[in-house]
Amino acid sequence: MKTRIIGTGSCLPKTVVTNDDLSKIMDTSDEWISSRTGIKERHLAVEETTASMSIEAAKRAMENANVQAQEIDLIIVGTVSADFVTPSCACEVQAAIGADSAVAFDINAACSGFMFALNIADAYIRAGVYRTALILGAETLSKIIDWEDRSTCVLFGDGAGAAVVRADETCGLLAFDQGSDGKKGEVLACPGRTNNNPLVKTDRTLRYVHMDGQEVYKFAVTTVPASLQKTIEKAGLTAADIDYFALHQANIRIIQSVSKRLHVSDDKFPISLDHCGNISAASVPILLDEMNRKGLLKPGMKVALSGFGGGLTWASAVVEW
Ligand code: COA
């Protein structure tokens with residue numbers, strides 16, 4: 001039994017903020033941002049919330065998969081920016097779509113969140129516990145970014161992506177690799193929930209994402225190609241057999257470095273970071289949905305997916321479409 005992706009959906013906030021827009025409110029430029037990252041613009045939530053974008057992405061994925069809410073057994077949202085500590089974003093999605101018999105919960109694996117959700121769903125499906133799952137990556141990163149720190153705020157955006165996965169006899173997930181390195185957690189961190197009882201003085205700046213960009217870059221360009229290589233070999237394939245690589249959209253230079261290390265043309269690495277920026281857990285499913293809706297994905301194609309980021313965490317998969 002395999003876990004097959006049978007539908008995708010995504011949702012981006014209405015408001016687009018270009019690099020030039022940012023250069024009017026902080027000391028930065030389109031030239032600095034685009035040349036170092038490939039990012040041109042990002043969508044930022046104004047009216048939207050993590051849950052509202054998740055619900056819209058979920059509905060689009062269900063429509064694309066032709067699946068009704070009553071058929072969904074499991075809902076997992078990968079997120080570091082849910083609207084509430086509780087209820088989870090997944091429970092909000094469950095209520096909004098009317099998936100009354102589903103079990104719903106969030107997971108935090110930062111930018112690998114959607115990939116970890118896929119692996120959890122796959123484990124349940126292969127064990128015969130559940131048949132159909134709705135998995136999402138959803139973020140409103142703009143609420144946990146320090147807008148006075150130009151070295152991080154220009155990199156991130158908001159949005160949600162979803163996929164419906166189902167048990168299938170013929171094709172689906174062929175291989176998986178995932179890992180974590182908690183010892184390097186501080187290179188990309190957002191402390192967030194500091195104590196604020198009357199006995200403790202809280203540093204408010206601890207609410208925001210901070211990052212050692214160069215350390216994260218080094219981690220990504222070594223770990224991601226190694227993880228992809230391992231997963232491709234587990235699937236009994238070589239990098240040349242992969243039709244597309246759908247990578248977490250952090251930085252164009254990371255993606256180009258992975259394509260070089262795998263000796264694969266960068267035409268096989270579709271991009272959404274130019275118009276989305278880095279949306280953490282939502283990056284991979286949004287990219288996958290864009291590829292799906294452009295008609296790039298044909299039955300039988302082999303697609304390699306990879307997410308990597310805070311934790312540190314990483315996860316790769318090879319799927320047969
Ligand atoms: N606009 C203009 N200048 C900026 C800037 C901005 N938005 N942000 C930083 N700078 C300045 C810095 O202050 C520094 O100036 P200085 O030399 O006078 O001190 C200079 O640009 C270079 O900064 P540096 O941090 O060395 O740049 P870099 O070449 O390492 O690029 C990143 C920074 C963040 C683009 C790069 O490290 C990176 O992409 N890392 C990976 C990050 C990532 O992908 N994270 C998410 C993973 S999930």
Side-chain angles (χ1 to χ4, degrees), residues 2 5 8 34-40 110-112 114-116 118-119 122 155 161 171-181 184 187-188 213-280 283-292 294-309 311-321:
K2 293 194 172 72
I5 298 174
T8 62
S34 340
S35 63
R36 281 176 176 75
T37 69
I39 298 165
K40 288 287 198 185
C111 307
S112 314
F114 175 81
M115 297 301 298
F116 275 44
L118 174 63
N119 198 22
D122 176 56
L155 305 174
C171 67
L173 191 60
L174 301 180
F176 211 96
D177 172 63
Q178 65 184 147
S180 311
D181 183 1
K184 298 222 180 87
V187 303
L188 175 49
Q214 289 177 6
E215 279 304 312
V216 175
Y217 186 86
K218 277 191 249 163
F219 151 71
V221 298
T222 51
T223 308
V224 177
S227 172
L228 279 166
Q229 193 64 54
K230 196 165 154 189
T231 315
I232 293 166
E233 277 167 25
K234 272 195 207 168
L237 302 169
T238 67
D241 299 320
I242 302 296
D243 296 288
Y244 287 111
F245 292 80
L247 264 51
H248 170 49
Q249 300 286 296
N251 183 314
I252 192 70
R253 294 187 308 175
I254 293 175
I255 294 171
Q256 286 164 346
S257 167
V258 174
S259 89
K260 221 170 172 177
R261 283 176 197 232
L262 294 178
H263 306 291
V264 172
S265 153
D266 48 13
D267 298 349
K268 287 192 173 184
F269 289 73
I271 296 298
S272 61
L273 60 80
D274 55 342
H275 58 279
C276 289
N278 177 347
I279 321 183
S280 190
S283 281
V284 171
I286 289 172
L287 177 63
L288 205 56
D289 185 48
E290 289 188 358
M291 292 164 67
N292 190 18
K294 281 181 193 154
L296 295 183
L297 301 169
K298 313 268 185 247
M301 275 187 168
K302 311 288 188 301
V303 184
L305 314 172
S306 193
F308 52 90
L312 297 173
T313 57
W314 62 94
S316 304
V318 173
V319 300
E320 184 174 356
W321 196 255

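In this text the structure is predicted, and so the values were computed from the model without any measurement. In this chain, residues are counted from 1 in sequence order.
- For the pair Pro225 and Ala220, the tightest heavy-atom approach, listed with the atom from each and the gap, is CD-O, 3.6 Å.
- When all heavy atoms are compared, the tightest approach of Ser272 to Gln249 is N-OE1, 2.7 Å.
- Of all heavy-atom pairs spanning Met291 and Ala246, the tightest one is SD-CB, 4.1 Å.
- Considering all non-hydrogen atoms of both residues, Ser112 and Gly309 come closest at OG-N, 3.9 Å.
- Within the 3.5 Å criterion, the main-chain N or O of Asn251 finds no donor-acceptor partner in the side chain of Asn278.
- The line from CG of Asp274 to OG1 of Thr37 is 10.0 Å long, rounded to the nearest 0.5 Å.
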Q) Do Asp181 and Trp314 pass the side chain to side chain contact (heavy atoms under 4.5 Å, CB included) test, and can you show the C-alpha distance, the side-chain angles, and the key distance before you say yes or no? A) CA-CA 9 Å; Asp181 183 1; Trp314 62 94; 4.0 Å; yes
Q: Assess whether side chain to side chain contact (heavy atoms under 4.5 Å, CB included) is satisfied between Arg261 and Thr222, documenting all intermediate values.
A: CA-CA 9 Å; Arg261 283 176 197 232; Thr222 51; 4.1 Å; yes
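- Under the salt bridge (Lys or Arg N to Asp or Glu O under 4.0 Å) criterion, no residue pair touches residues 238-254, with sequence neighbours excluded.
- More than 12 heavy-atom neighbours from other residues, nucleotides or ligands sit within 6.0 angstrom of NZ on Lys234.
- In this structure, CZ on Arg36 lies 15.5 Å from CD1 on Ile252, to the nearest 0.5 angstrom.
- Considering CG of Leu173 and CD1 of Ile5, their distance stands at 7.5 Å, rounded to 0.5 Å.
- To the nearest 0.5 angstrom, Met301 atom CE is 5.0 Å from Tyr244 atom OH.
- In this structure a side-chain-to-backbone donor-acceptor pair under 3.5 Å is missing from Lys298 to Leu296.
- With rounding to the nearest 0.5 angstrom, the NE2 atom of His248 is 6.0 Å from the OG atom of Ser280.
- In this structure the side chain of Leu118 reaches within 4.5 angstrom of the side chain of Leu305, judged on heavy atoms.
- Here the side chain of Gln256 pairs no donor or acceptor atom with the backbone of Ile254 at under 3.5 angstrom.
- Closest approach of Lys302 and Leu174 over heavy atoms only: CD-CD1, 4.0 Å.
- Considering only heavy atoms from C-beta on, Lys184 stays 4.5 Å or farther from Phe219 through its side chain.
- Nearest heavy atom pair, residue Val187 against residue Val216, reads O-CG2, 3.6 Å.
- For the pairing with Phe176, the side chain to side chain contact (heavy atoms under 4.5 Å, CB included) check across Asn119, Val318, Asp122 returns one residue only, Asn119.
- Annotation: side chain of Pro285 is not in contact with side chain of Thr8 (no heavy-atom distance under 4.5 Å).
- The side chain to side chain contact (heavy atoms under 4.5 Å, CB included) test with Phe245 is passed by exactly one of Leu262, Asp266, Val303: Leu262.
- Among the candidates Val284, Ile286, Leu273, the single residue satisfying the side chain to side chain contact (heavy atoms under 4.5 Å, CB included) test with Ile279 is Ile286.
- The structure places NZ of Lys294 at 11.5 Å from CG of Asn292, a figure rounded to the nearest 0.5 Å.
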Q: Check step by step if side chain to side chain contact (heavy atoms under 4.5 Å, CB included) holds for Glu215 and Leu188.
A: CA-CA 9 Å; Glu215 279 304 312; Leu188 175 49; over 6 Å; no
Q. Step by step, would you call Leu228 with Leu247 a side chain to side chain contact (heavy atoms under 4.5 Å, CB included)?
A. CA-CA 10 Å; Leu228 279 166; Leu247 264 51; 4.0 Å; yes
